[in-house]
Novice: 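My structure is below; once you've seen it, I'll send some questions.
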Number of protein chains: 2
Amino acid sequence: MERYSKQRELILTALRNRKDHPTAEMLYKDISKIMPTIGIATVYRNLAALYENGQILKIETKQGESDRFDGNIKPHLHFQCLECNKIEDIFLNDKQNEELSKKLKDFANIIDAEFATSKIVLKGRCKDCRDKK
Amino acid sequence: MERYSKQRELILTALRNRKDHPTAEMLYKDISKIMPTIGIATVYRNLAALYENGQILKIETKQGESDRFDGNIKPHLHFQCLECNKIEDIFLNDKQNEELSKKLKDFANIIDAEFATSKIVLKGRCKDCRDKK
DNA sequence: GTAATAATGATAACGGTTATCATTTAAGGA
DNA sequence: TCCTTAAATGATAACCGTTATCATTATTAC
């Protein structure tokens, strides 16, 4: 049976306190300031467990690049800037969400599959990078 | 300047001859039958180059799981079965494609970003796994 | 044919993540 | 409260897909 641990609580809190999409390593650094004895494996283990429980989101990135985590489980899309690599959230309103889900379900129907979830990452240039030019 | 190599040609051909989404390792095995001296690094190098050139697609999978490649560059979505992990293609017709692009562009606008491309993976249960039950 | 240099093949190195294992600690009785 | 048990931890080795290195080979322009 699952057991309470101070470490897991700290990890979840640390993630929720961030507005960005930190890596396990970034969270490890944050938490080390409060609990210097924590091990990196504990951070990975708990992030995996929290993800399994549906308490956090995970954004799987490409090989050799650290996965990103997200404490906000409200469904949303991600946008990754091709120039600065930053990941931003895109929240849809209920109508948009519903329409999108309907479309995706139709797409899955094309191959006779049952649609459950989707992983959508838009790519392009973020506002900051565009304004820089 | 880029130079012709027998190896690159073999790799591209091997990929196009497959209807699935092989890993670099799988292609290496295929090609080794024809050219037993080829090195695994050459396969990775050329797949990366072909991807950069837009001649093939790459499906980035999670850490520790090999990336998949796709010789069909016609734009399409991917569907990954949550039970058997198989990745299938979903081809949209022109109208569907256009509507989807328009929507995604609107979504990027929400955060003032310029939309370029998207990575969409639908997940659920494939036809085969559903029929098994 | 020759020179210049891109591509190759063998293999070491890399980096994020996971496995291992001895130790610590939470939780449910007695 | 003390005991028992087994889940969770922390340190670190191992893992594995991929990339870097470097001497050698092969393509291209002349």
Side-chain angles (χ1 to χ4, degrees), chain A residues 1-15 20-53 55-70 80 85 87 121, chain B residues 1-15 18 20-53 55-70 80 85 87 119 121:
Chain A
M1 145 230 17
E2 199 153 279
R3 206 176 269 187
Y4 170 86
S5 88
K6 184 72 184 164
Q7 286 86 343
R8 177 169 312 187
E9 189 182 304
L10 280 172
I11 289 164
L12 185 54
T13 304
L15 179 55
D20 59 348
H21 302 82
T23 62
E25 192 71 34
M26 292 172 189
L27 290 170
Y28 173 63
K29 280 185 187 150
D30 284 357
I31 300 158
S32 293
K33 290 173 192 153
I34 301 162
M35 180 187 273
T37 58
I38 198 169
I40 185 72
T42 301
V43 177
Y44 276 104
R45 254 191 313 245
N46 279 293
L47 286 171
L50 289 165
Y51 175 63
E52 297 273 309
N53 294 348
Q55 296 178 262
I56 66 173
L57 297 182
K58 185 167 63 166
I59 309 167
E60 286 159 356
T61 52
K62 61 184 162 194
Q63 265 286 145
E65 198 174 293
S66 301
D67 286 343
R68 308 305 199 88
F69 295 89
D70 192 337
Q80 183 159 32
N85 270 319
I87 294 176
V121 183
Chain B
M1 144 231 18
E2 197 153 278
R3 208 175 267 188
Y4 170 86
S5 88
K6 185 73 184 165
Q7 286 86 344
R8 179 170 308 187
E9 189 182 303
L10 280 171
I11 289 163
L12 185 54
T13 304
L15 179 54
R18 293 188 67 132
D20 57 350
H21 301 82
T23 62
E25 191 72 36
M26 291 172 191
L27 290 170
Y28 172 64
K29 280 183 186 154
D30 284 357
I31 299 159
S32 293
K33 289 173 193 156
I34 300 162
M35 180 188 273
T37 58
I38 198 169
I40 184 74
T42 299
V43 177
Y44 276 104
R45 254 190 312 245
N46 279 293
L47 286 171
L50 289 166
Y51 175 63
E52 297 272 310
N53 294 347
Q55 297 179 261
I56 65 173
L57 298 182
K58 185 166 66 167
I59 309 166
E60 286 159 356
T61 52
K62 61 184 161 194
Q63 263 287 144
E65 198 174 290
S66 301
D67 286 342
R68 307 307 196 91
F69 295 89
D70 192 338
Q80 182 158 33
N85 271 319
I87 295 177
K119 199 176 69 174
V121 183

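Just so we're on the same page: letters track the sequence lines, and every chain starts at 1.
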Novice: Classify A:S66 by what it touches in the nucleic acid, base, sugar-phosphate, or nothing, heavy-atom distance under 4.0 Å.
Specialist: sugar-phosphate
Novice: Expressed in angstrom and rounded to an integer, what is the separation of B:L27 atom CG from D:dG17 atom P?
Specialist: 14 Å
Novice: For a quick check of understanding: with a heavy-atom distance under 4.0 Å over all strands, which category does A:E2 fall into, base, sugar-phosphate or nothing?
Specialist: sugar-phosphate
Novice: Applying side-chain hydrogen bond (donor to acceptor under 3.5 Å, both in side chains), name anything that partners A:Q55, two or more places apart in sequence or on another chain.
Specialist: A:N53
Novice: Could you give the CZ-to-C1' distance, from B:R68 to D:dT18, as a whole number of Å?
Specialist: 16 Å
Novice: Would you kindly give the CZ-to-C1' distance between B:R3 and D:dC30, to the nearest whole Å?
Specialist: 13 Å
Novice: Taking the side chain of B:M35 as its heavy atoms from C-beta onward, which of C:dT20, C:dG9, C:dT17 lies nearest to it?
Specialist: C:dG9
Novice: D:dA26 phosphate, OP1 or OP2: any side-chain N/O from B:Q7 under 4.0 angstrom?
Specialist: no
Novice: Using whole Å, what does the distance between atom C1' of nucleotide D:dA8 and atom CD of A:E52 come to?
Specialist: 16 Å
Novice: Drop me the distance from A:L10's CG to A:I31's CD1, to the nearest 0.5 angstrom.
Specialist: 6.5 Å
Novice: Starting at atom CD of A:E9, determine the distance to atom C1' of C:dA26, rounded to an integer number of angstrom.
Specialist: 14 Å
Novice: Of the nucleotides C:dG16, C:dG9, D:dT19, which has the atom closest to the B:Y44 side chain?
Specialist: D:dT19
Novice: Figure out the OH/C1' separation between A:Y28 and C:dT17, and round it to whole Å.
Specialist: 14 Å
Novice: Quick one: which of B:H21, B:K58, B:E60, B:Q80 gives a side-chain contact (heavy atoms from CB on, under 4.5 Å) with B:R68?
Specialist: B:H21
Novice: Rounded to the nearest Å, what distance is computed from the CD1 atom of residue A:I40 to the P atom of nucleotide D:dA14?
Specialist: 19 Å
Novice: When all nucleic acid strands are considered with a 4.0 Å heavy-atom cut-off, which category describes A:T37: base, sugar-phosphate, or nothing?
Specialist: sugar-phosphate
Novice: Would you mind reading off the distance between B:M26 atom CE and D:dC16 atom P, rounded to a whole angstrom?
Specialist: 16 Å
Novice: Find which nucleotide of DNA chain C each of A:S5 and B:R8 is nearest to by heavy atoms, and output the residue with the more 5' nucleotide.
Specialist: B:R8
Novice: On DNA chain D, does the nearest nucleotide to B:Y4 precede the nearest nucleotide to B:A48 from the 5' side, or the other way round? Give the residue.
Specialist: B:A48
Novice: Measure the OG1-NZ distance between A:T42 and A:K6 for me, rounded to the nearest 0.5 Å.
Specialist: 15.0 Å
Novice: For the side chain to side chain donor-acceptor pair (under 3.5 Å) test, which of B:E9, B:Q7, B:R8 pairs with B:N46?
Specialist: B:R8
